[in-house]
Amino acid sequence: MKKDNLSCCLKFIVIFLLTVVVSNATVTAQVNIPASNALIKRVIPQRASSFVVEQLPGAGKDAFEIESRNGKIILRGTNGVAVASALYEYLTNYAHCQVTWNGVNLNLPAKLPVAKTRVHKKTPYQYRYYLNYCTFNYSMSWWDWARWQKEIDWMALHGINMPLALTGQEYTWYEVYKSMGFSDADLNEFFCGPAYFSWFWMGNLDGWGGPLPLSWMQSHRDLQQQILQRERDLGMKPILQSFTGHVPPSFQKHFPASKLKTTNWKNGFADTYILDTEDPLFAEIGRKFIETQTRLYGTDHLYSADTFNENEPPTNDTTYLSALSSRVYQAMSNADPKATWVMQGWLFYSDRKFWNAPQIKALLDAVPNEHMIILDLAAEIEPVWKRTDAFYGKPWIWNMLHNFGGNIVLFGRMNEVAAGPATALKDPKSKQLEGIGLTMEAIEQNPVLYELMTANTWRDKPINPDEWIKQYQLNRYGHINKYTEQAWKVLRNTVYSGGHIIRDGSESIITGRPTLDSITVWTRTTFNYKPKELLPAWDAMIKAVSACGNSDGFRYDLVDVTRQVLANYALPLQSRWVNAYRQKNIAGFKKYSGEYLRLISDMDALLATRKDFLLGPWLADARNQGYTANEKDLYERNARDLVTLWGDANSPLHEYSCRQWSGLLNDFYKVRWEKFFTLLEDALQQSKEADFKNFDHSISQWEWQWVNSHKSYPLQASGSSVNQANIIYNKYRKLIGEAYQ
């Protein structure tokens, strides 16, 4: 008996030791040390040797630690994202640095600051989501690996662990449909051009901007594999796509008995075809898609599927909606039993007339709670969770949408972003709030909003925006200056005051198709503040030039504030030439219309001093994706079209993605206004009414010609931002002040 007991004890000890070893091995594998070290070298190459990466044991939500030891800075994390977040915590709170899309300050002191005590932070959020379908086109259409690598580093530094990862999905579909007997000719009318994938993926359009070359699909298959490898190396769990029923127009030719229905996005595009979830082919294609995608890209068992993006279902019958939702989920889980459906909640915001409580509940209840996550896509604008009983018990994520269409405008809801996540987290009614996220339609603008939103990641209490802004300035400019403090106080209470008067920021009438009105189809000119109240921020920024002019972030902010002031001034200036025209005052009309055109040129010259505001890189990056002259021309046409007409010459979406960019201002917006002013002046000279209907037709044809043209634009900034801002300030400050009297 004693030997048996001894034998049992020895076996127990061996099993225990093996368990400890396996457990430790599992923990160690959570941080890819080489990947974390490589990130540090990319971010601060000259100082990377001063940092040591270590594993932080722990389960559950992510955590990190920082401490100093033997002249080194120790960064511990539960995974690569946590380690990168520890690095950014050190850079921002100890070395007072900053990494944004629009201005970087990595001027570390010669002697790195010591962490006097060990810092330990743990996030209250399981998920930190990133990206919107639209971001992949309004910002990312032409990104290569170098740009993606930079963004993935930014994501890790800012705590993102759940990015949407849709690059290369078209190749998955290519393989699926080719295996089902579809020819390349069949698929030419299905795949859209590269600037329109977002809406193709969501089933809104087919074919527009194509035909898509196979070379694109193959190169972006390879790019997606690089993206996913890096994201996973850093501990992220990317979200891939799933099948929602969108099929090629030629589908019925191959499957005559299939149950198809048409749907239309109502934005000037042809019908798309949706396979009914009741059709057995739905489950088959859904399984085949997941299996093919997994073979190509692997899986983290997270899948995005949006069944009715800006399209109403054929019926509001709850039984129908519940069955449909269940089948969409089954199409995922048949191929991957661990599948979790990550659903954009945009439909509940954009079409609230249809999506009442019974319809929302039916759609959500059909999927097990542990296999679904809902994105409250625009929680800072309207928190849908509050009117849906926190999505009826589903895990959900609080998101800031903020930007629409990539429009260039100073705007944000700073108070909502600073307090919203933590307030919701503490609210018992929020139920399964599991994360926060960024769901902007475009990036590379308003960096302050994105630094503020991601600052919520490692805290569970609301942020004091006034105190936070001081730290932001210190990190951005290298020191706190009394004039920048004055400027940011004004900015916080004007452009960043948010409110509910408008959904998104006020654009400039300059970017709208010419009109005598103060607004056009997509150009929103209603303000959430009085434009004259922004002027003191401009004054203060100019005064801060001598102290802050060497800061990259300051120079961007100086240009952006100056740009916004000029963009706002276009509206009162427009009213002057409109009044002169209506009063048949030819001299006054010439004077004020001339000033209006000069304003556009001055804005163009200002924006030419920052690469952030150049048209050239957008077009050149598009052409660089092509291997042949025809491919390069196709991609350039896509790039030009998206930011102007959006669709064809008669597109109702023109100006939705307007940009205040150097090159676009002078060669597109200004030329349109010149043509409009010629029309009006001729009407005045001949004492007749201007033919506005004919002008709209002719200008849309001219716009289409511009979309199909091939003029190249500068790729690098020119001139001094500081000098140009001073020139404009001296020229316009008094005029603008008088205009608002």
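These numbers were taken from a predicted model, which means no experiment stands behind them.
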Check: Asn161 side chain, Arg128 main-chain N or O, donor-acceptor pair, under 3.5 Å: yes

Passing option when Phe554 is tested against Trp488, Tyr477, Tyr483 for ring-ring contact (aromatic ring centres under 6.0 Å, His included): Tyr477

Beyond-backbone contact of Met162 with Gln126, side-chain heavy atoms, under 4.5 angstrom: no

Residue pairs, two or more places apart or on separate chains, that pass salt bridge (charged side-chain N to carboxylate O under 4.0 Å, His left out) and touch residues 70-92: Glu54-Arg76, Glu65-Arg76, Glu67-Arg76, Glu89-Lys121

Lys/Arg N to Asp/Glu carboxylate O, Lys482 vs Glu485, below 4.0 Å: no

Backbone N/O of Met440 and side chain of Thr135: donor-acceptor pair under 3.5 Å: yes

Euclidean distance, Leu425 CG relative to Ser430 OG, rounded to 0.5 Å: 6.5 Å

Criterion ring-ring contact (aromatic ring centres under 6.0 Å, His included) on Tyr133 and Phe197, from CA distance to verdict: CA-CA 9 Å; Tyr133 272 70; Phe197 285 147; over 10 Å; no

Main-chain N/O of Cys548 paired to Arg555 side chain as donor or acceptor, under 3.5 Å: no

For Trp143, the option from Tyr138, Phe136, Trp148 that meets ring-ring contact (aromatic ring centres under 6.0 Å, His included): Trp148

Contact check, side chains of Val31 and Val83, non-hydrogen atoms, under 4.5 Å: yes

Under 3.5 Å donor-acceptor, Trp618 side chain and Ala639 backbone: yes

Arg563/Asp560 salt bridge by N-O under 4.0 Å criterion: yes

Validation row, ring centre Tyr130 to ring centre His158 under 6.0 Å: no

Residue pair Asn415 / Arg492, side-chain donor-acceptor N/O under 3.5 Å: yes

Working for side-chain hydrogen bond (donor to acceptor under 3.5 Å, both in side chains), residues Asn493 and Ser497: CA-CA 5 Å; Asn493 293 308; Ser497 63; over 6 Å; no

Thr609 (side chain) donor-acceptor with Gly719 (main chain) under 3.5 angstrom: no

Side-chain heavy atoms of Leu606 within contact of Thr562, under 4.5 Å: yes

Donor-acceptor contact present, side-chain Ser721 to main-chain Val559, <3.5 Å: no

Whether Asn137 side chain and Pro194 backbone form a donor-acceptor pair below 3.5 Å: yes

Asn481 (side chain) donor-acceptor with Ala544 (main chain) under 3.5 angstrom: no

Under 3.5 Å side-chain donor-acceptor pair for Asn102 and Asp612: yes

Sole candidate of Asn105, Thr484, Asp557, Asp552 that passes side-chain hydrogen bond (donor to acceptor under 3.5 Å, both in side chains) when paired with Arg476: Asp557

Backbone of Leu131 reached by a side-chain donor or acceptor of Tyr129 within 3.5 Å: yes

Expected output: side-chain Asp153 to main-chain Lys150 donor-acceptor under 3.5 Å: no

Any side-chain heavy-atom pair of Asp539 and Arg733 under 4.5 Å: yes

Qualifying salt bridge (charged side-chain N to carboxylate O under 4.0 Å, His left out) pairs with a residue from residues 158-168, counting only residues at least two apart or across chains: none

is_close_aromatic(Tyr529, Phe411), centroid dist under 6.0 Å: no

Side chain proximity check, Ile397 to Thr439, heavy atoms < 4.5 angstrom: no

Evaluation steps, ring-ring contact (aromatic ring centres under 6.0 Å, His included), between Trp398 and Tyr125: CA-CA 10 Å; Trp398 196 105; Tyr125 303 106; 9.4 Å; no

Criterion salt bridge (Lys or Arg N to Asp or Glu O under 4.0 Å) on Glu444 and Arg147, from CA distance to verdict: CA-CA 12 Å; Glu444 298 177 325; Arg147 182 61 186 87; 2.9 Å; yes

Near-ring test Trp154/Tyr88, centroid separation under 6.0 angstrom: no

Tyr713/Trp661 aromatic ring centres below 6.0 Å: no

Spatial distance of atom CG (Asn464) from atom NZ (Lys470) [nearest 0.5 Å]: 8.5 Å

Gap separating the CD atom of Glu451 from the CG atom of Asn446, nearest 0.5 angstrom: 12.5 Å

Whether Trp396 and Trp385 hold their rings parallel, tilted or perpendicular, with breakpoints at 30° and 60°: parallel

Asp62 and Thr123: side chain donor to acceptor below 3.5 Å: no

Salt bridge present between Asp460 and Lys122 (N-O < 4.0 angstrom): no

